[in-house]
Amino acid sequence: MTKITKKKKKWIEVTPYGIVGGMIPSASTMLFKRKDGEDRFVVWFSELQSRIAIDQNLNKEKVFSFVQKILRANNCIPKHCFFVKKDQGRDIVKISFSNSLKPLEFYADEVISFCMINNCRFFCTDEFFEQHNGEIPKRFRKNSLLSKTPMYLN
């Protein structure tokens with residue numbers, strides 16, 4: 001009897017790179033870029049989430065402050081955000097924390113700005129890049145300047 005072994009996932013660090021608003025009404029896309037390369041993918045999210053992400057440097061203490069106080073009081077700080085899969089067209093992330101709290105899954109479009117405010121490091125796998133192949137908005141593909149220069153994010 002042959003034993004089937006699962007291939008261990010290799011996690012690749014990615015970073016939020018830019019935001020494009022208005023791709024569809026009341027929604028935006030955030031471009032993530034491989035930290036050590038040119039590979040990119042996008043995550044769709046609401047206008048509110050994109051505004052929070054854009055303003056996160058200015059409003060760090062105001063946005064999500066009550067949640068952050070609860071988490072800090074329980075020594076539970078979000079540390080890593082892993083893009084793990086796609087479900088019905090929405091990306092799913094798993095967030096790990098500084099204590100022994102079990103990693104939790106969320107829709108990416110609901111927690112990206114929260115992860116950014118908490119300085120989480122973002123990761124995905126090669127398979128995740130393959131799943132998102134060709135999903136870069138035409139604005140980024142056609143305009144090489146947009147592709148090389150972050151929009152809104154520092």
Side-chain angles (χ1 to χ4, degrees), residues 3-21 23-24 26-137 140 147 150-154:
K3 198 176 193 181
I4 299 173
T5 56
K6 266 189 168 180
K7 190 176 177 181
K8 192 174 179 180
K9 290 182 181 180
K10 180 183 173 196
W11 292 102
I12 301 161
E13 190 164 4
V14 295
T15 184
Y17 186 67
I19 295 175
V20 175
M23 296 299 285
I24 57 176
S26 299
S28 299
T29 55
M30 175 170 292
L31 183 70
F32 279 84
K33 185 177 179 184
R34 189 179 185 130
K35 204 162 189 177
D36 64 351
E38 293 298 316
D39 293 332
R40 296 162 294 187
F41 64 90
V42 294
V43 174
W44 296 86
F45 54 51
S46 72
E47 188 176 343
L48 174 62
Q49 287 294 315
S50 64
R51 285 183 186 174
I52 293 169
I54 291 166
D55 294 338
Q56 60 99 15
N57 288 329
L58 303 172
N59 298 320
K60 209 168 210 166
E61 294 304 314
K62 295 177 188 168
V63 181
F64 302 118
S65 63
F66 72 99
V67 174
Q68 289 175 302
K69 284 180 185 179
I70 293 168
L71 292 174
R72 279 190 210 120
N74 291 290
N75 192 29
C76 183
I77 310 300
K79 290 290 184 187
H80 303 101
C81 180
F82 298 93
F83 288 91
V84 292
K85 61 186 172 185
K86 200 168 196 141
D87 181 37
Q88 298 179 9
R90 293 176 77 186
D91 295 306
I92 306 291
V93 296
K94 191 174 276 193
I95 299 176
S96 67
F97 298 88
S98 59
N99 67 1
S100 60
L101 180 68
K102 178 180 159 185
L104 300 172
E105 283 191 0
F106 300 93
Y107 286 116
D109 56 20
E110 297 174 347
V111 296
I112 294 296
S113 59
F114 178 76
C115 290
M116 288 174 64
I117 287 169
N118 284 285
N119 297 315
C120 287
R121 291 174 61 196
F122 294 90
F123 297 89
C124 73
T125 62
D126 278 329
E127 292 82 21
F128 191 84
F129 275 118
E130 289 170 17
Q131 286 177 348
H132 287 74
N133 188 21
E135 288 189 20
I136 303 299
F140 282 109
S147 184
M151 295 185 61
Y152 306 127
L153 298 179
N154 296 329

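Numbers for residues simply follow the sequence, beginning at 1.
- To the nearest 0.5 angstrom, Tyr107 atom OH is 12.5 Å from Lys86 atom NZ.
- Phe128 contributes atom CZ, which lies 4.0 Å from atom CG of Asp91 (distance to the nearest 0.5 angstrom).
- Listed by chain and number, the residues in a salt bridge (Lys or Arg N to Asp or Glu O under 4.0 Å) with Glu110 are Arg90 (sequence neighbours excluded).
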What pairs of donor and acceptor atoms, side-chain ones from residues 75-84 against any protein atom, are under 3.5 angstrom apart with sequence neighbours left out?
| unit_1 | atom_1 | unit_2 | atom_2 | d |
| --- | --- | --- | --- | --- |
| His80 | ND1 | Ser96 | OG | 3.1 |

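- Rounded to the nearest 0.5 angstrom, Ile92 CD1 and Asp109 CG are separated by 8.5 Å.
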ask   = Does the pair Asp126 and Arg34 meet the rule for a side chain to side chain contact (heavy atoms under 4.5 Å, CB included), with working shown?
value = CA-CA 10 Å; Asp126 278 329; Arg34 189 179 185 130; 3.6 Å; yes
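- In this structure, NZ in Lys35 is found 8.0 Å from CZ in Phe123, a value given to the nearest 0.5 Å.
- Residue Phe32 forms a ring pair (Phe, Tyr, Trp, His ring centres under 6.0 Å) with just one option from Phe122, Trp44, Tyr17, and that option is Phe122.
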ask   = Can you check side chain to side chain contact (heavy atoms under 4.5 Å, CB included) on Phe114 and Val67, steps first, answer last?
value = CA-CA 10 Å; Phe114 178 76; Val67 174; 3.9 Å; yes
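- Separating the CD1 atom in Ile95 from the CD1 atom in Ile112 is a distance of 7.5 Å, to the nearest 0.5 Å.
- Without hydrogens or angle criteria, Asn118 side chain to Cys120 main chain gives no donor-acceptor distance under 3.5 Å.
- A 4.5 Å side-chain heavy-atom check between Leu104 and Phe97 finds at least one atom pair inside the cut-off.
- Here Asp87 pairs with nothing under the salt bridge (Lys or Arg N to Asp or Glu O under 4.0 Å) rule; sequence neighbours left out.
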